[in-house]
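The chain is numbered in sequence order, starting from 1.
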Amino acid sequence: MRQIVLDTETTGLNPRTGDRVIEVGCVEIFNRKLTGNNFHRYINPERDSDEAALAVHGLTTEFLSDKPKFHEIAEELRAYIDGAEVIIHNAPFDLGFLNHEFVRLGLPPFVEHCSNVIDTLVFAKELHPGKRNSLDALCDRYEISNAHRKLHGALLDSELLADVYLAMTRGQNTLTMDVEEESASGGEMLEAVPLGEIIVVSASADELAIHEEVLAGLDKNIKGSCVWRNYSPQG
């Protein structure tokens, strides 16, 4: 499965009042592994950032003045995310801006180029109800270092979110959830085994017949139905 962790920085909070995307950062995950095939572009929004937004991302009008405009990177971005599952923290915010940017260029909305969107903020609230679930809070909870994060940046935040997402979903791929356990006999550490490597072998007809004979003997001894009948495929 190809997944893209995405984040944006913008000039303000509302694309409907003229705010624009100024940075897009994407991190690729393939089969739960970071590939290094990332996408990162600064964009000239042709307007100033609000003071509050500038304090968050620090991307000045002067810095962005020689960067490409959104229409110059739109097709490259579309091709990069095409058909992938996109992972975003507080997805409505970023999608609102990206959909607006695509539509103003006469293109289908951004979401129509993705196979699916996962909102990690919604997911985190389900996992940790009543707790803080900002990206910084999740980094602390899953022991992911964000000490180098002085200002928000689309690529940096995507890299952190990729690590957080993999940590949040780790238990879905292994029986042991990467927790090392000691065996009762020798005290050896058990290796986490991916579900895909477990082979299930069903009992043969002869084995089932022998099993039934054993249960019948137990029934006879207690003059009733033995407790193992509750777990028998036939019981």
Side-chain angles (χ1 to χ4, degrees), residues 1-16 19-43 45 53 56-57 59 68-128 133-139 142 144 146 149 152-173:
M1 176 185 292
R2 184 172 184 261
Q3 297 173 301
I4 302 298
V5 183
L6 179 147
D7 186 53
T8 64
E9 297 299 335
T10 63
T11 62
L13 298 177
N14 193 345
R16 295 177 182 175
D19 284 315
R20 304 290 303 277
V21 174
I22 58 175
E23 184 184 10
V24 178
C26 302
V27 172
E28 184 182 61
I29 300 174
F30 189 77
N31 290 338
R32 294 188 58 79
K33 295 185 184 300
L34 299 172
T35 68
N37 178 30
N38 300 337
F39 179 95
H40 182 222
R41 298 291 183 274
Y42 291 112
I43 300 161
V56 170
H57 54 64
L59 300 175
K69 299 177 177 62
F70 194 91
H71 74 268
E72 298 177 81
I73 65 99
E75 175 55 29
E76 189 180 11
L77 174 60
R78 186 209 63 78
Y80 179 81
I81 59 94
D82 189 40
E85 184 173 66
V86 177
I87 301 166
I88 307 174
H89 200 67
N90 191 19
F93 180 85
D94 300 87
L95 292 179
F97 272 92
L98 290 170
N99 285 338
H100 186 82
E101 293 283 3
F102 272 56
V103 170
R104 74 190 297 272
L105 295 176
L107 300 171
F110 176 87
V111 291
E112 294 188 12
H113 305 281
C114 315
S115 67
N116 184 40
V117 174
I118 293 177
D119 188 338
T120 50
L121 179 57
V122 173
F123 185 31
K125 286 180 177 179
E126 293 173 352
L127 288 178
H128 312 290
N133 289 298
S134 66
L135 182 55
D136 284 336
L138 291 172
C139 285
Y142 290 99
I144 294 167
N146 62 348
R149 186 183 189 234
H152 285 254
L155 183 60
L156 172 58
D157 286 2
S158 291
E159 291 171 340
L160 291 172
L161 183 58
D163 288 338
V164 165
Y165 174 76
L166 291 173
M168 284 199 300
T169 58
R170 186 172 296 136
Q172 297 178 10
N173 284 64

Item to check | Non-neighbouring partners of Glu28 that pass salt bridge (charged side-chain N to carboxylate O under 4.0 Å, His left out), sequence neighbours left out | outcome: Arg2
Checklist outcome for this item: Hits for salt bridge (charged side-chain N to carboxylate O under 4.0 Å, His left out) against Glu75, two or more places apart or cross-chain, chain-then-number order -> Arg78
Next on the checklist: By the salt bridge (Lys or Arg N to Asp or Glu O under 4.0 Å) test, which pairs, at least two apart or in different chains, include something from residues 113-124?
Outcome noted: none
Item to check | Sub-4.5 Å side-chain heavy-atom contact between Leu98 and Phe70 | outcome: yes
Checklist entry - Do any pairs count as a salt bridge (Lys or Arg N to Asp or Glu O under 4.0 Å) and have a residue in residues 7-16, sequence neighbours left out, and if so which ones? => result none
Next on the checklist: Restricting to salt bridge (charged side-chain N to carboxylate O under 4.0 Å, His left out), what partner residues turn up for Glu72, sequence neighbours left out?
Outcome noted: none
Next on the checklist: Heavy-atom count check: over 12 atoms from other residues, nucleotides or ligands less than 6.0 Å from Leu13 CG?
Outcome noted: no
Checklist outcome for this item: Applied to residues 85-98, the side-chain hydrogen bond (donor to acceptor under 3.5 Å, both in side chains) test, sequence neighbours excluded, yields Gln3-Glu85, Thr8-Asp94, Glu85-Asn116, His89-Thr120
Checklist entry - Do the ring planes of Phe97 and Phe93 sit parallel (below 30°), tilted (30 to 60°) or perpendicular (above 60°)? => result tilted
Next on the checklist: Nearest 0.5 angstrom please: Leu135 CG to Leu161 CG, how far?
Outcome noted: 6.0 Å
Next on the checklist: Among residues at least two apart in sequence or on other chains, which ones pass side chain to side chain contact (heavy atoms under 4.5 Å, CB included) with Asp163?
Outcome noted: Leu34, Ile144
Checklist outcome for this item: Contacts of Phe39 meeting ring-ring contact (aromatic ring centres under 6.0 Å, His included) (sequence neighbours excluded), chain-then-number -> Tyr80
Checklist outcome for this item: Taken in chain and number order and not counting sequence neighbours, the residues that satisfy ring-ring contact (aromatic ring centres under 6.0 Å, His included) with Phe30 are none
Checklist entry - Hey, does Leu121 have a side-chain heavy atom less than 4.5 Å from the side chain of Ile88? => result no
Checklist entry - Is Asn99 reaching over with its side chain to a backbone N or O of Val111, donor-acceptor style, under 3.5 angstrom? => result yes
Checklist entry - What closest approach, in Å, do Ala53 and Thr11 show between heavy atoms, and which atom pair accounts for it? => result CB-O, 3.4 Å
Checklist entry - Could you give the distance from CD1 (Ile29) to CG (Leu166), rounded to the nearest 0.5 Å? => result 4.5 Å
Next on the checklist: Among residues at least two apart in sequence or on other chains, which ones pass ring-ring contact (aromatic ring centres under 6.0 Å, His included) with His113?
Outcome noted: Phe102
Checklist entry - Taking C-beta and beyond as the side chain, do Phe110 and Leu6 meet within less than 4.5 Å on heavy atoms? => result yes
Checklist outcome for this item: Contacts satisfying salt bridge (Lys or Arg N to Asp or Glu O under 4.0 Å) that involve residues 95-117 (not counting sequence neighbours) are Arg20-Glu101
Checklist entry - Going from NE2 on His128 to CZ on Phe123, what distance comes out if it is rounded to the nearest 0.5 angstrom? => result 8.0 Å
Item to check | Donor-acceptor contact present, side-chain Ser158 to main-chain Gly25, <3.5 Å | outcome: yes
Next on the checklist: Using side-chain contact (heavy atoms from CB on, under 4.5 Å), reason through Leu77 and Arg41 one step at a time and then give a plain yes or no.
Outcome noted: CA-CA 9 Å; Leu77 174 60; Arg41 298 291 183 274; over 6 Å; no
Checklist entry - Would you say the side chain of Ile22 lies within less than 4.5 Å of the side chain of His57, judging by non-hydrogen atoms? => result yes
Item to check | Verdict with supporting geometry, Val86 and Cys26, side-chain contact (heavy atoms from CB on, under 4.5 Å) | outcome: CA-CA 9 Å; Val86 177; Cys26 302; over 6 Å; no
Item to check | Results of ring-ring contact (aromatic ring centres under 6.0 Å, His included) for His71 - residues two or more places apart only | outcome: none
Checklist outcome for this item: The reported gap from CG in Leu155 to OH in Tyr42 (rounded to nearest 0.5 angstrom) is 8.0 Å
Item to check | Heavy-atom check, side chain of Glu23 versus side chain of His40, under 4.5 Å | outcome: yes
Checklist entry - Do you know which two heavy atoms are closest between Pro15 and Gly96, and how far apart they sit? => result CG-O, 3.9 Å
